[in-house]
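First the structure, which I've put down as structure tokens, then a few questions once you've had a look.
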Amino acid sequence: MNNNFFISPSILAANFANLGEEIRKVIDAGADIIHFDAMDNHYVPNLSIGPIVLKSIRKDGIIIPIEVHLMAKPIDELVVSFIKTKANCIIFHPESTKNVNFLLKLIRKNNCKAGLAFTLTTSLNYLKNKNIVKNLDIVLIMSVSPGFSGQKFQKSAIKRLKIARKLIDDSGYNILIGIDGGVNDDNIYDVAYAGADIFVIGSSIFSKNNYFKTIKNMKKKIKSAKINILKNL
Ligand code: DX5
Ligand code: ZN
């Protein structure tokens, strides 16, 4: 289990008319990573942003780690484009390709972290497969159906998070676990207690007036959950 944690604001909920400014504001407010949801209106019923936007963000001088969450099909060429546009981490859904291991290795070979995303119904058995686990840096447990920000957190994700935590800890590999969807001030303690390392948060940050205060409060709750995990060991 990892004692560090990371706040990863999902820019899907940002004001796209002022994207650079929104990203700078969350960085100043304490974000550790930027979560970049790439959707193709085919794999999921929504269309968002792609490599061109990531390229512009980098051109604007933003150097914070960016994790791309790919919700598209096919993804092979997109993975290559996102590597070229300097994504730090690429996370994809195992159902979206026949080449899971090939892509994980390709991403890592290019100095990028590789991740797999699990919808509410994706089997966690992927995490029992040593050949996959050894090529993974991040596991993203989704707590909503992929496609939109602002959805309600599904409580079944807490149980899945705990199962994923145990499987990863038992594997012995150094893999971070992220949670994505509907995370807010009310559930973030439980999510942290269940073992998340990366907290992807969209609407519960970008809908607020004061990003700094919002992130500060959330960090406080995560820290107290992490302390209680250690106390209850
Ligand atoms: C949903 C996306 C999420 C979403 C999170 O498909 O993967 O990253 O933007 O936004 P909130 O926190 O509003 O659910
Ligand atoms: Zn996402």
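The residues of the chain are indexed from 1 along the displayed sequence. As the structure is a computational prediction, the values presented were derived from the model and not from experiment. In listed order, ligands and their atoms are each counted from 1.
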#### Entry: Protein contact to atom 6 (O) of ligand 1 [nearest heavy atom, distance to 0.1 Å]
Gly147 N, 2.7 Å
### Query
Does any N or O in the side chain of Asn232 come within less than 3.5 Å of the main-chain N or O of Asn228, such that one atom is a donor and the other an acceptor?
yes
### Task
Could you list the atoms of ligand 1 found under 4.0 angstrom from a heavy atom of Gly181?
14 (O)
### Task
Look at atom 9 (O) of ligand 1 and say which protein heavy atom is nearest, naming residue and atom and giving the distance to 0.1 Å.
Ser10 OG, 2.9 Å
### Task
Identify, by atom number and element, the atoms of ligand 1 in contact range of His35, meaning under 4.0 Å from any of its heavy atoms.
8 (O)
### Message
For the Zn ion (ligand 2), give me the closest N/O/S atom belonging to Asp37, just the atom name.
### Response
OD1
### Message
Once you restrict to heavy atoms under 4.0 Å, what part of Ser203 touches ligand 1? Side chain, backbone, both or neither.
### Response
both
#### Entry: Phe16, CZ: over 12 other non-hydrogen atoms inside 6.0 angstrom
yes
### Message
Take a 6.0 Å sphere around CD1 of Ile63 and say whether it holds more than 12 heavy atoms from other residues, nucleotides or ligands.
### Response
no
### Query
According to the interplanar angle, ranging from 0 to 90°, do the rings of His93 and His69 count as parallel (below 30°), tilted (30 to 60°) or perpendicular (above 60°)?
parallel
### Query
Does the distance from a Lys or Arg side-chain N to an Asp or Glu carboxylate O, for Lys155 and Asp190, drop under 4.0 Å?
no
## Note on the structure
Taken to the nearest 0.5 Å, the spacing of Ile138 CD1 from Cys89 SG works out to 3.5 Å
### Message
Evaluate Asn217 against Lys220 for side chain to side chain donor-acceptor pair (under 3.5 Å), listing each step before the verdict.
### Response
CA-CA 5 Å; Asn217 272 337; Lys220 214 166 130 188; 5.2 Å; no
### Query
What distance do Lys221 atom NZ and Asn187 atom CG have between them, rounded to the nearest 0.5 Å?
9.5 Å
### Task
Write out the residue and atom name of the closest protein heavy atom to atom 8 (O) of ligand 1, then the distance separating them to 0.1 Å.
Asp180 OD1, 2.7 Å
### Query
Just which atoms of ligand 1 are under 4.0 Å from any heavy atom in Met39?
6 (O)
### Task
Check whether any heavy atom of Phe148 sits under 4.0 Å from an atom of ligand 1.
yes
#### Entry: For atom 14 (O) of ligand 1, the protein heavy atom that lies nearest, with its residue and separation
Gly182 N, 2.8 Å
### Message
Give me the nearest non-hydrogen protein atom to atom 10 (O) of ligand 1 as residue plus atom name, then the distance to 0.1 Å.
### Response
Ser149 CB, 3.3 Å
### N or O contact, Asp37 vs ligand 1, cut-off under 3.5 Å
yes
### Query
Hey, does the side chain of Lys86 reach the backbone of Leu54 with a donor-acceptor pair shorter than 3.5 angstrom?
no
#### Entry: Asn46 (side chain) donor-acceptor with Gly147 (main chain) under 3.5 angstrom
yes
### Residues Asp137, Arg108: salt bridge by 4.0 Å N-O rule
yes
### Task
Measure the distance from atom 12 (O) of ligand 1 to every protein heavy atom, then report the residue, atom name and distance (to 0.1 Å) of the closest one.
Gly202 N, 2.8 Å
#### Entry: Atom name, His69 (N, O or S, nearest to the Zn ion (ligand 2))
ND1
### Message
Geometry only, no angles: is Pro146 polar-contacting ligand 1 at N/O separations under 3.5 Å?
### Response
no
### Query
So how far is it from Asp197 CG to Leu161 CG, rounded to the nearest 0.5 Å?
9.0 Å
### Message
Show the atoms of ligand 1 that are less than 4.0 angstrom away from any heavy atom in His69.
### Response
7 (O)
### Sub-4.0 Å heavy-atom contact, Ser204 with ligand 1
no
### Task
Give a yes/no on ligand 1: does Gly150 have at least one heavy atom closer than 4.0 angstrom to it?
yes
### Task
Below 4.0 angstrom from a heavy atom of Leu12, which ligand 1 atoms are there? Numbered from 1 as shown, please.
9 (O)
#### Entry: Atom nearest to the Zn ion (ligand 2) - Asp180, N, O or S atoms considered
OD2
